[in-house]
There are 2 protein chains.
Amino acid sequence: MSEATTIPYGKITTPEQLGRLVRHQRKAQGATQAEFAALCGVGVRFISELENGKPTLELGKVLQVLHCLGLELSLGPRGWPTSPSPSGTHPC
Amino acid sequence: MSEATTIPYGKITTPEQLGRLVRHQRKAQGATQAEFAALCGVGVRFISELENGKPTLELGKVLQVLHCLGLELSLGPRGWPTSPSPSGTHPC
DNA sequence: CAAGAATATTACCGAACGGGAATAATATCG
DNA sequence: CGATATTATTCCCGTTCGGTAATATTCTTG
């Protein structure tokens, strides 16, 4: 697996990390920020700020956008392995 | 496993769900909202609102509080199994 | 049950969110 | 490289966040 195909899932400890993943997923789905904003029912500004890791965004809107991306957050103890395998195989 | 020992981890799709999990973890650690707020560097008000599922809270502060709880969010496609087993055993 | 502990709510107030539009800046692509 | 597309930033403005303290309400416990 090359650097170019970064795993689009993973741990979220900062708004920046979340933003990077959101942008990656959006682009993977071939949508512009404007299209995506309309789809999610938020403003373009929000999408831009989210993707750029702005820490003061509303939690509920963030979750709303994740839902639109077909993504889901899961909460667990720090360090526990959760990243789905990019090849689709199971962790074990 | 009885009703009293609800799994404290899982999927997060709404602020309410997150709030319930946060409250559960805080109580499991035997801390009051005030103690916990001081520990996390936020106000008591924020903890109360977070635990009650207020949707407009700042994302960055939420992540900060989760860090203090020794918790971590993980992002993946909807439906993918991620809940750690409460008994400590591996998913498979 | 009553006292005390814990939590929710209110007040004050400066900072700032976010929609939508406009525009500046940056990225893309033939 | 230049034209176009996309994204970031700015503007306006009503609404509200969140710290802190006070207080109302609810929960816990002996």
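Labels below follow one simple rule: chain letters A, B, ... track the order of the sequence lines, proteins then strands, and each chain is numbered from 1. The analysis underlying the following values was restricted to heavy atoms, covering all of them including side chains, and did not include hydrogens, waters or symmetry mates.
For the atom pair CG (A/Leu59) and CG (B/Leu63), the distance works out to 8.5 Å, reported to the nearest 0.5 Å.
A/Leu50 and A/Val44 fall into different hydrophobic clusters, where Ile, Leu, Val, Met, Phe, Trp and Tyr side chains are chained together by heavy-atom contacts under 4.5 Å.
A side chain to side chain donor-acceptor pair (under 3.5 Å) with A/Glu51 is found for one member of A/Arg20, A/Arg26, A/Lys27, A/His24 and no other, namely A/Arg26.
Counting any heavy atom pair closer than 4.0 Å across all strands shown, B/Val42 reaches sugar-phosphate atoms only and no base atom. In this structure, A/Glu51 reaches neither bases nor backbone, as no heavy-atom distance under 4.0 Å exists between it and the strands shown. Counting any heavy atom pair closer than 4.0 Å across all strands shown, B/Leu57 reaches sugar-phosphate atoms only and no base atom.
The phosphate of D/dT6 (OP1 or OP2) has no side-chain N or O of A/Arg23 nearer than 4.0 angstrom. For D/dC17, one of the phosphate oxygens OP1 or OP2 lies less than 4.0 angstrom from a side-chain nitrogen or oxygen of B/Thr56. Remark: B/Lys54 is not in phosphate contact with D/dG18, judged by side-chain N or O atoms under 4.0 Å from OP1 or OP2. For D/dT7, neither phosphate oxygen OP1 nor OP2 lies less than 4.0 angstrom from any side-chain nitrogen or oxygen of A/Asn52.
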Derivation and outcome, side-chain contact (heavy atoms from CB on, under 4.5 Å), residues B/Phe36 and B/Leu69: CA-CA 9 Å; B/Phe36 191 50; B/Leu69 273 173; 3.2 Å; yes
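Distance A/Gln33 CD to D/dT6 P: 11 Å, rounded to the nearest Å. If you measure from atom CD1 of B/Ile47 to atom P of D/dG19, you get 9 Å, rounded to the nearest angstrom. The interatomic distance linking B/Arg45 (CZ) with D/dG19 (C1') rounds to 8 Å, in whole Å. A/Leu50 places its CG atom 11 Å from the P atom of D/dA8, with the value rounded to the nearest Å. Atoms CD (A/Glu49) and P (D/dT9) sit 9 Å apart, rounded to a whole Å.
Each of B/Val44 and A/Val44 has a nearest nucleotide on DNA chain D; the 5'-most of these lies closest to A/Val44. Across the interface with DNA chain D, nearest-nucleotide mapping of B/Gly41 and B/Lys27 shows B/Gly41 to be the residue nearer the 5′ end.
B/Thr56 and B/Lys54 share a side-chain donor-acceptor pair at under 3.5 Å.
Judged purely by atom type and a 3.5 angstrom limit, B/Gln64 uses its side chain to pair as donor or acceptor with the backbone of B/Cys40.
Nucleotides of DNA chain C lying under 4.0 Å from heavy atoms of chain A occupy a range whose first and last members, 5' to 3', are C/dC17 to C/dG20.
Listed here is the closest heavy atom pair of A/Leu71 and A/Gln25: CD1-CG, 3.6 Å.
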